[in-house]
Amino acid sequence: MTVNQETRVIKLHPSWLEVIGDQFDKPYMQNLKTFLKDEKDSGHKVFPPSAQIFNALNTTPFDKVRVVIIGQDPYHGPQQAHGLCFSVQDGVAIPPSLLNIYKEISAEYGVPMPSSGNLTSWAEQGVLLLNATLTVRQAQAGSHQNKGWEAFTDAVIRAVNDKHEHIVFMLWGAYAQKKGAFIDRKRHLVLQAPHPSPLSAHRGFLGCGHFRSANTYLDTHGVSPINWLKQSYEPPKEVTRSGHN
């Protein structure tokens, strides 16, 4: 299958297609496609839904990336995953790791925590919320690891590293830190801390100051900071904007 045929199916944003489109013609990606088809043909429920697998890339175009947050794999419960790491859909209970992320933001800025776990507003501002593995089988954490996704997301991170400057990479936990080991620290800011999971957050994630540090760095380099406090869910507006999907 050619890149153009593949991307008609997945609808990858053109800005990403330009820098990583060649990945879809590589053997590992063809093997991954076969694996995912076999999963569904075998009756397994796979999260997120197919249309949202590349949500992180489609919501945050390549030329808009300012911050990269690396997760491991999607939530494996119903109605949770929607293609953005740490994020859940509106109306879903906020997961423990995201709750600790909100606690840290609340402490840094002295504001109440958001009521929604939907981080789409971050992604729309240029925060690439990238899981290392983009799919998972229901109720089986890590079930789609080592099937090819890691090579694809490595290509994503490498493209940002090589073709951008002054990006903030937030690497929480040993897994993310290992995956981001090749990032050029001279050209970008790399912020490291323990994972925000309740098992490790108190070992240094809480109190890390990453969100203010990121904005200070962006502002220093003439890049607009991220509004971490923006409520992710906003009621639909009456006025329809042309070109908005």
Side-chain angles (χ1 to χ4, degrees), residues 1-14 16-17 19-60 62 68-98 117-120 123 128-160 172-176 178-180 195 197 199 245:
M1 181 176 288
T2 66
V3 170
N4 287 338
Q5 288 174 319
E6 182 76 18
T7 51
R8 277 201 297 269
V9 176
I10 64 171
K11 298 180 180 178
L12 188 67
H13 192 279
W16 285 106
L17 181 59
V19 294
I20 59 168
D22 63 323
Q23 299 296 312
F24 292 97
D25 280 334
K26 294 190 175 182
Y28 83 83
M29 187 57 81
Q30 299 306 310
N31 293 338
L32 176 58
K33 182 186 175 188
T34 299
F35 167 75
L36 291 173
K37 183 177 184 301
D38 289 344
E39 283 281 89
K40 294 181 180 180
D41 288 347
S42 299
H44 295 298
K45 185 74 173 178
V46 174
F47 297 133
S50 296
Q52 296 177 332
I53 290 174
F54 295 95
N55 198 19
L57 303 181
N58 289 329
T59 308
T60 310
F62 178 74
V68 178
I69 299 177
I70 299 176
Q72 192 160 350
D73 63 351
Y75 297 118
H76 51 81
Q79 306 301 319
Q80 289 184 305
H82 64 127
L84 306 177
C85 75
F86 293 105
S87 181
V88 292
Q89 301 185 68
D90 290 306
V92 176
I94 298 174
S97 291
L98 180 55
N118 190 331
L119 302 180
T120 297
L128 181 62
L129 296 166
L130 183 70
N131 276 315
T133 303
L134 299 189
T135 57
V136 70
R137 185 188 294 180
Q138 180 174 346
Q140 295 188 33
S143 51
H144 287 188
Q145 291 179 6
N146 302 314
K147 303 297 183 182
W149 280 129
E150 292 88 349
F152 178 78
T153 52
D154 278 350
V156 170
I157 297 168
R158 195 171 296 279
V160 175
W172 301 330
Y175 184 92
K178 181 178 179 180
K179 190 169 180 68
H195 195 275
S197 161
L199 298 176
N245 294 327

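Start at 1 with the first residue, then count along the sequence.
- In summary, of the residues considered (Gln52, Glu39, Lys147, His144), a side chain to side chain donor-acceptor pair (under 3.5 Å) with Thr135 occurs for His144 alone.
- A distance of 8.0 Å separates CG in Asp90 from NE2 in His82, rounded to the nearest 0.5 Å.
- Put simply, the side chain of Phe54 reaches to within 4.5 Å of the side chain of Phe152, judged on heavy atoms.
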(request) Go through the steps to decide whether Leu128 and Val156 satisfy the test side-chain contact (heavy atoms from CB on, under 4.5 Å), and finish with yes or no. (result) CA-CA 10 Å; Leu128 181 62; Val156 170; 4.0 Å; yes
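- Asp73 CG to Tyr75 OH: the interatomic distance, rounded to the nearest 0.5 Å, is 10.5 Å.
- When atom types are taken as modelled, the side chain of Thr153 and the backbone of Glu150 share a donor-acceptor pair closer than 3.5 angstrom.
- When every heavy atom of Ala141 is checked against every heavy atom of His76, the shortest pair comes out as CB-CD2, 3.5 Å.
- Applying ring pair (Phe, Tyr, Trp, His ring centres under 6.0 Å) to His195 and the options Tyr175, Phe86, Trp172 leaves one that passes, Phe86.
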(message) Under the criterion side-chain contact (heavy atoms from CB on, under 4.5 Å), I'd like the reasoning laid out for Phe62 against Val160: C-alpha separation, chi angles, the key distance, then a yes or no.
(response) CA-CA 8 Å; Phe62 178 74; Val160 175; 4.1 Å; yes
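- Remark: the backbone N or O of Leu199 is paired with a side-chain donor or acceptor of Ser197 at under 3.5 angstrom.
- Under the 4.5 Å side-chain criterion, counting only non-hydrogen atoms from C-beta, Leu129 is in contact with Cys85.
- Side chain of Asn55 to main chain of Leu84: no donor-acceptor pair is present (N/O by atom type, distance under 3.5 Å, no hydrogens or angles).
- Judged by distance alone, the side chain of Trp149 and the main-chain N or O of Leu32 form no donor-acceptor pair under 3.5 Å.
- Of the possible donor and acceptor atoms, one in the side chain of Thr34 sits under 3.5 Å from a partner among the backbone N and O of Gln30.
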(message) If you apply the rule side-chain contact (heavy atoms from CB on, under 4.5 Å), what do you find for Ile69 with Leu119, and how did you get there?
(response) CA-CA 12 Å; Ile69 299 177; Leu119 302 180; over 6 Å; no
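- The CD1 atom of Ile53 sits 12.0 Å away from atom CG of Leu12, with the distance rounded to the nearest 0.5 Å.
- Here the shortest heavy-atom pairing between Ser87 and Thr120 reads OG-N, 4.5 Å.
- In this structure, the side chain of Ser143 engages the main chain of Arg137 through a donor-acceptor pair within 3.5 Å.
- Between atom NZ of residue Lys178 and atom CD1 of residue Ile70 there is a gap of 13.5 Å, rounded to the nearest 0.5 Å.
- In this structure, Phe47 and Gln80 have side chains that are not in contact, with every pair of non-hydrogen atoms separated by 4.5 Å or more.
- The environment of Gln79 atom CD is sparse: at most 12 non-hydrogen atoms of other residues, nucleotides or ligands sit within 6.0 angstrom.
- Gln72 places none of its side-chain heavy atoms less than 4.5 Å from the side chain of Thr133.
- Counting heavy atoms from C-beta on, the side chains of Pro74 and Leu134 never come closer than 4.5 Å.
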